[in-house]
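Residue numbers count from 1 along this sequence.
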Amino acid sequence: MAPQKYPSSPLVRREGRPKGHAFVPPGEGRRPGVALMEWELRGESWTDEHPHDEFNYVLEGHLFVACDGETVEAATGDVVRVPAGSVGRCWAPEYARVVAVYAPNPQGHCCVSM
């Protein structure tokens, strides 16, 4: 198999979601692989729930993540995992740019926005 390039594209705000774009979209239904997205928060928050683990790698800024009664702060270079089935709230008082990786989707749906 040959390597596959996923080109960069501008971050776009879709209704009700943070500004971002998908390199490898989450899609619908069962998928054997992962989803890979880049997104940013500017003085805002985002809450959702996934049936799969979500990993957020902070490229720039500071990201706060709360789930299951615990809150962590992540700085540039840190990774935060939101466990499968947890409602995760992410926020950046000023700015955070993040790469998110969603584990394979075993249950046939992507996420539920809160």
ring-ring contact (aromatic ring centres under 6.0 Å, His included) with Phe23: which residues, sequence neighbours excluded?
His21
Are any non-hydrogen side-chain atoms of Val87 and Thr47 less than 4.5 angstrom apart?
yes
Mind listing the closest non-hydrogen atom pair of Asp78 and Glu73 along with its distance?
OD2-O, 4.4 Å
Set out, in order, the CA-CA distance, both residues' side-chain angles and the distance that settles side chain to side chain contact (heavy atoms under 4.5 Å, CB included) for Leu36 and Val99, then state yes or no.
CA-CA 7 Å; Leu36 178 66; Val99 167; 3.4 Å; yes
Would you mind checking if Arg97 and Glu38 are paired as a salt bridge, meaning a charged N to carboxylate O distance below 4.0 Å?
yes
Does Thr71 reach the side chain of Trp91, with side-chain heavy atoms less than 4.5 Å apart?
yes
Where is the tightest heavy-atom contact between Met37 and Val24, given as atom of each residue plus distance?
SD-O, 4.1 Å
Under 4.0 Å between a side-chain nitrogen and a carboxylate oxygen: does that hold for Glu44 and Arg13?
yes
Would you check if Glu60 and Tyr95 make a side-chain contact, meaning some heavy-atom pair closer than 4.5 Å?
yes
Spell out, as yes or no, whether a donor-acceptor pair under 3.5 Å connects the side chain of Asp53 to the backbone of Ala84.
yes
Salt bridge or not for Arg42 and Glu40, using N-O below 4.0 Å?
yes
Does the side chain of Val101 reach to within under 4.5 Å of the side chain of Tyr57, using non-hydrogen atoms?
no
Is the shortest heavy-atom distance from the side chain of Cys90 to the side chain of Leu41 under 4.5 Å?
yes
Under 3.5 Å, side-chain donor or acceptor atoms of residues 61-69 against the rest of the protein: list the pairs with distances, not counting sequence neighbours.
| unit_1 | atom_1 | unit_2 | atom_2 | d |
| --- | --- | --- | --- | --- |
| Asp68 | OD2 | Ser86 | OG | 2.8 |

Indicate the atoms forming the closest heavy-atom contact of Val58 with Ala74, along with that distance.
CG2-CB, 3.7 Å
With the side chain counted from C-beta on, respond yes when Asp48 and Arg17 share a heavy-atom pair under 4.5 Å apart, and no when they do not.
no
So how far is it from Tyr102 OH to His52 NE2, rounded to the nearest 0.5 Å?
7.0 Å
Grouping ILVMFWY residues whenever side-chain heavy atoms fall under 4.5 Å, the cluster of Val12 otherwise contains none
Taking all heavy atoms of Glu49 and all of Gly85, pick out the closest pair and write down the distance.
OE2-O, 3.3 Å
